[in-house]
There are 2 protein chains.
Amino acid sequence: MDRKFRCDCPITSALDMLGDKWMLVIIKQMLMEDKLTFKDFTESDEAIATNILSAKLKLLEEIGLLTKAKLPNNKKTNLYLLTEKGLSLTPIIVELAKWSDSYLRDLNPSIRNGEGMVLLRNDKAAFADALESAYREKLAGMVFVKS
Amino acid sequence: MDRKFRCDCPITSALDMLGDKWMLVIIKQMLMEDKLTFKDFTESDEAIATNILSAKLKLLEEIGLLTKAKLPNNKKTNLYLLTEKGLSLTPIIVELAKWSDSYLRDLNPSIRNGEGMVLLRNDKAAFADALESAYREKLAGMVFVKS
DNA sequence: GAGTATAACTTGCAAAATGCAAGTGATTTT
DNA sequence: AAAATCACTTGCATTTTGCAAGTTATACTC
């Protein structure tokens with residue numbers, strides 16, 4: 001029994017799993033930025049170090065938020081794919097985006113303000129659904145072997 | 001210029017502020033557990049150390065998520081109160097609760113499963129509104145002096 | 001009003017998480 | 001066969017978190 005959880009509060013328990021610098025960033029990259037392979041993650045804007053990435057991917061797999069897979073004809077490259085449990089973090093990520101859009105621009109003026117923000121502002125549930133659907137469809141159109 | 005933000009992604013920027021073990025836990029305690037004073041926080045289930053608490057409260061104030069106040073007849077006790085910017089984190093906290101309720105019970109079976117969960121499951125927006133209203137009303141019924 | 005208790009901290013040090021740079025071994029490409 | 005790529009690991013520096021003990025100002029008690 002390793003004491004992973006601080007107490008019986010659902011919110012604190014979620015943060016015991018997700019409350020750090022990287023876990024939700026990695027999930028976001030999978031969901032919204034087409035990151036699939038170890039290399040993909042290392043090339044992101046956030047510039048995660050490979051040792052941290054390795055540790056966090058392992059953790060995310062243990063928790064059940066992602067699974068590893070391979071393409072049928074490639075023994076080298078790993079694919080990291082969101083599970084249902086991982087995909088279900090979408091609403092949290094969307095709320096983070098919305099809060100940033102509304103309240104964080106004065107602290108970080110460089111925050112992107114593109115096309116996609118319009119739907120987020122008008123209908124965040126639709127925005128979340130669109131993200132989830134797009135991800136599911138990507139998986140549906142892919143041939144891979146779970147490892 | 002201190003490099004607080006990793007990049008121009010809204011989600012990553014939110015996590016640059018909130019992505020640690022304590023920031024959202026403290027906000028939650030204010031919003032849902034009537035924590036008002038330094039002492040209140042030290043007595044919570046999560047058992048935060050006083051040095052960490054002190055540092056995080058300072059940070060939360062700098063970011064503008066809370067303000068300090070005092071009761072008119074008491075020069076000793078500080079009150080820590082959520083600002084609008086802080087209160088607007090409610091939807092994020094609610095989504096964390098909902099995710100925990102749905103997906104984290106097998107990893108932490110001790111997660112509370114009380115009365116309040118029913119509304120959360122049925123209508124999370126109503127749940128969030130109820131939390132925000134209750135907090136606003138508490139403030140409205142209080143006499144304090146902002147410091 | 002003197003002594004005790006309380007609130008809100010700070011300080012010093014230990015432990016854990018994060019970060020950087022370099023290296024390794026198994027594929028895959030040329 | 002050699003070179004490049006991918007998915008890591010290792011060693012070490014830095015930062016964050018955690019524990020226990022102290023400090024100061026205010027408030028309460030007799």
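Just so we're on the same page: letters track the sequence lines, and every chain starts at 1. Just so you know, these numbers use all the heavy atoms, side chains as well, and skip hydrogens, waters and symmetry mates.
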Salt bridge present between E62(B) and K58(B) (N-O < 4.0 angstrom) = no
Quickly work out the E61(A) CD to dC8(D) C1' distance and round it to whole Å.
-> 14 Å
With axes from five pairs an end, tell me the bend angle of the helix from dG1(C)-dC30(D) to dT30(C)-dA1(D), nearest 10°.
-> 20°
What string of B, S and - do you get for nucleotides 18-30 of chain C, 5' to 3', if B is base contact, S is sugar-phosphate-only contact and - is no contact with any protein heavy atom under 4.0 Å?
-> SBB-B----BS--
Non-hydrogen atoms of N108(B) and C7(A) that approach each other most closely | ND2-O, 3.4 Å
Please determine if K21(B) and D16(A) form a salt bridge, counting it only when a charged side-chain N lies under 4.0 Å from a carboxylate O.
-> no
Taking atom P of dT10(C) as reference, at what distance in whole Å does atom CG of L57(B) sit?
-> 10 Å
Atom-to-atom span, CG of L53(B) to C1' of dA7(C) - whole angstrom | 12 Å
Can the positive tip of R6(B) be found less than 6.0 Å from the middle of the six-membered ring of W22(A), inside 45° of the ring normal?
-> yes
Does T42(B) have a side-chain nitrogen or oxygen under 4.0 Å from the phosphate oxygens OP1 or OP2 of dA7(C)?
-> no
Over how many whole Å does the gap from K35(B) atom NZ to dA8(C) atom P extend?
-> 13 Å
Side chains of T12(B) and K28(A): do they bring a donor and an acceptor to under 3.5 Å?
-> yes
So, does D40(A) use its side chain to make a donor-acceptor pair with the main chain of L36(A) at under 3.5 Å?
-> yes
Taking all non-hydrogen atoms of both residues, which atom of K39(A) and which atom of T42(A) are closest, and how far apart?
-> O-OG1, 2.7 Å
Name the nucleic acid region contacted by K70(A), choosing base, sugar-phosphate or nothing; use a 4.0 angstrom heavy-atom cut-off, strictly under.
-> nothing
Could you state the CZ-C1' distance from F41(A) to dT5(D), rounded to the nearest angstrom?
-> 18 Å
K4(B) NZ to dT15(D) P, straight-line distance once rounded to whole Å = 17 Å
Has K39(B) got a side-chain N or O lying under 4.0 Å from the OP1 or OP2 atom of dA5(C)?
-> no
Using atom CG of D16(B) as one end and atom P of dT15(D) as the other, report the distance to the nearest whole Å.
-> 16 Å
Between E43(B) and A55(B), who's closer to the 5' end of DNA chain C by nearest nucleotide?
-> E43(B)
Give the table of side-chain donor-acceptor pairs shorter than 3.5 Å for residues 77-84 of chain A, with sequence neighbours excluded, one pair per line with atom names and distance.
| from | atom 1 | to | atom 2 | distance (Å) |
| --- | --- | --- | --- | --- |
| T77(A) | OG1 | N74(A) | ND2 | 3.4 |
| N78(A) | OD1 | K70(A) | NZ | 2.7 |
| T83(A) | OG1 | G64(A) | O | 2.6 |
| T83(A) | OG1 | L65(A) | O | 3.1 |
| T83(A) | OG1 | K85(A) | N | 3.4 |
| T83(A) | OG1 | G86(A) | N | 3.1 |
| E84(A) | OE1 | R136(A) | NH1 | 3.0 |
| E84(A) | OE2 | R136(A) | NH1 | 2.5 |

Take atom CG of N78(B) and atom C1' of dT6(C), then tell me their distance rounded to the nearest Å.
-> 13 Å
Any sub-3.5 Å donor-acceptor pair from S54(B)'s side-chain atoms to T50(B)'s backbone N or O?
-> no
